2 protein chains.
Amino acid sequence: MPINRTAPEPTIARLAIYVRTLRLARVEGVETLSSADIEARTGINSGQVRKDLSYFGEFGKPGLGYAVLPLYQRLARIMRLDREQTVMIVGAGNMGTALAGYSGLHESGFRLAAIYDNNFSKIGWRIWDLEILDIERMPDLNATMGVRIGIITTPATAAQPVADQLVRSGVRVILNFAPTRVATPRDVIVRNVDLTQELQILCFYLPESLLSEDAV
Amino acid sequence: MPINRTAPEPTIARLAIYVRTLRLARVEGVETLSSADIEARTGINSGQVRKDLSYFGEFGKPGLGYAVLPLYQRLARIMRLDREQTVMIVGAGNMGTALAGYSGLHESGFRLAAIYDNNFSKIGWRIWDLEILDIERMPDLNATMGVRIGIITTPATAAQPVADQLVRSGVRVILNFAPTRVATPRDVIVRNVDLTQELQILCFYLPESLLSEDAV
DNA sequence: TAGATTGTTAATCGATTAACAATC
DNA sequence: TAGATTGTTAATCGATTAACAATC
C-alpha cells in the first residue's frame, strides 16, 4: 500500500475522469467495474487505469474488479471532492458572468463564494444574486471567507496584479482564463485555460493546413 | 528544409504561443528575437523553440536570431491564422452566450458566424446581434456559410447528437465544452475543454491533499 | 575575424503500454 | 477448482533537454 508522494499530473487529470465515471455508474446501479469496463467507458487503457489507481492504494480484487461505491468514495476523498469547495471569481465580464451562472459548477460540488472586479461601474451590482465586490477588499473579506480557489477572468493585462492579490488573500490554486502566463510563488498552483489558443490549435488541423506552407 | 508531416501536438500548441509572442514583440517595435529571447518571454526552453520551428523550416540566421515580422507571418500562415476564421456555436446557454460576447475571439482573428440551439423558447432571439438559429437548419444553412469550426456549449447529454449534426454540416474541427467525450469520424479533430475537471484537478493540489488519504 | 546563435543529433527523461505472476 | 482480473515490473514509446558543428 504505497503512500502517494507525487503521482504524475496526467494521472491526477484522469482521476477526475474516474470520479465522474464512477458517479455515473452508481446512478445506473452498476455495483462493480473492471479496469476493462472503465476503459470501455472512458477510452483510457485498462492498464493505465490500474497504474493510475496504484499510486494511491489497492482498491480492486483480482478476478472481480472494483466495487463502484467504495472506489468512488475513496477517489473523491483523495481529490478533496468529498466536501463542498468554495471558489471566487475575479473579473465580472462576459466569461466571469457566464462562469458564475454555470450550473456545472454547483453540480460538481463547487460553491461560488464571491465575485470581484475593479471597475466602479460594476461594483455593487449583482450577478445571479451575488454582489460584485471591490477587488481592494479581497484580502480583508477573504480572511473571513477563507476561499482557497481563485478563478481569473480578466483581460490579459490585469491577470498578473490579480494573481498577486489572490495570493495575498490566501488563495492556493488558480484557474486562469486570461491569455497570458502569471507568475506565482512555487507553492501556488496555476492552471491555464486559453480559449483562443484552443481554437488556434484547431485551425492548424483544418484539412489544408496539414501541408507545409511551401507546399500550399 | 524538411516538409512537415506530423509535428507533435505539443509543438502545435506552442506554435500558437509563438505567434502571440511575435505579434506582441512586433507591437513593441522589436525586430529580432533569438530563441533565448523567446524563452525569456514564454518560459519555453530555447532548444525546444528551435526544435519546434525546425519542423516547419529554417527561419533563423545563426548568430542573429529570428526576424520578428517574417517569422510571425510564416507561422501565422502555417497555423491558418493569416485569414479570418469563422466559427459557430451550438448551445445558447450561459457558456455559449459568454463565448459569443468574448472580445478575445475577434481580437484573435475569429468571426462568429452563427449560434444554434434546439430550444424553441430561445430560437429567434438575438445574442449580441446574432439570431439564435434552429439547430435543425444547420446542414442547410452551413452549406452556404461553409463554417468548418464548431463549438459545443450544450449540456453533456446533448453533446453527441450535436457533434453528429456538426459533422453532417461539414464541420472539420470541434471545440467541446461539454463534460463528456464525443465520438467523431477519424478525420474530424475534437479538443475538449472541461472547466469543472480543471477545478477538480486543482482541488487535488490544495495543500492538505498532498498526503495520501490514509495519512490524513 | 570573433562572438553569437542556429539547426540537428544524441542523451535523458517521463509517461504509456504490454506482459504476467499473484490471487480472488 | 478454473476463469477472470488485479497490481506491478519490464519494454516501449515519445517528448524534452543538452550539446555542438555549421555558419551568419
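Values reported hereafter were calculated over all heavy atoms of this structure, with side chains retained and with hydrogens, waters and symmetry mates removed. Only a predicted model underlies this, so the values are computations on that prediction, with no experimental measurement involved.
Rounded to whole angstrom, the span from the CG atom of L53(B) across to the C1' atom of dT8(C) amounts to 13 Å. Counting to the nearest Å, the P atom of dT5(C) and the CD1 atom of I38(B) are 12 Å from each other. In this structure, CZ of F59(B) is placed 9 Å from P of dG7(C), rounded to the nearest angstrom.
Contacts of S35(A) with the nucleic acid, taken as non-hydrogen atoms under 4.0 Å apart, involve only primed sugar atoms and P, OP1 or OP2.
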Practice problem: Produce a footprint string for nucleotides 15-23 of chain D: one letter per nucleotide, 5' end first; B if the base is under 4.0 Å from any protein heavy atom, S if only the sugar-phosphate is, - if neither. | Solution: SSBSB---B

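Judged purely by distance below 3.5 Å, without hydrogens or angles, the side chains of Q85(A) and R111(A) never pair a donor atom with an acceptor atom. Using a 3.5 Å distance cut-off with no hydrogens or angles, the side chains of S108(A) and R20(A) do not pair a donor with an acceptor. Side chains of R14(B) and T42(B): a donor-acceptor N/O pair is absent below 3.5 angstrom, by distance only. A donor atom on one side chain and an acceptor atom on the other are not found under 3.5 Å apart for D52(B) and S54(B).
Between N192(B) and R181(B), some side-chain heavy-atom pair lies under the 4.5 Å cut-off. Using a 4.5 Å heavy-atom threshold, the side chains of I174(A) and R191(A) count as separate.
OP1 or OP2 of dG7(D) lies within a sub-4.0 Å distance of a side-chain N or O belonging to Y66(A).
For dT12(C), the paired base is dA15(D) (Watson-Crick or G-U wobble, both distances below 3.5 Å). Taking a pair to require two hydrogen-bonding distances under 3.5 Å in either a Watson-Crick or a G-U wobble arrangement, dT5(C) pairs with dA22(D).
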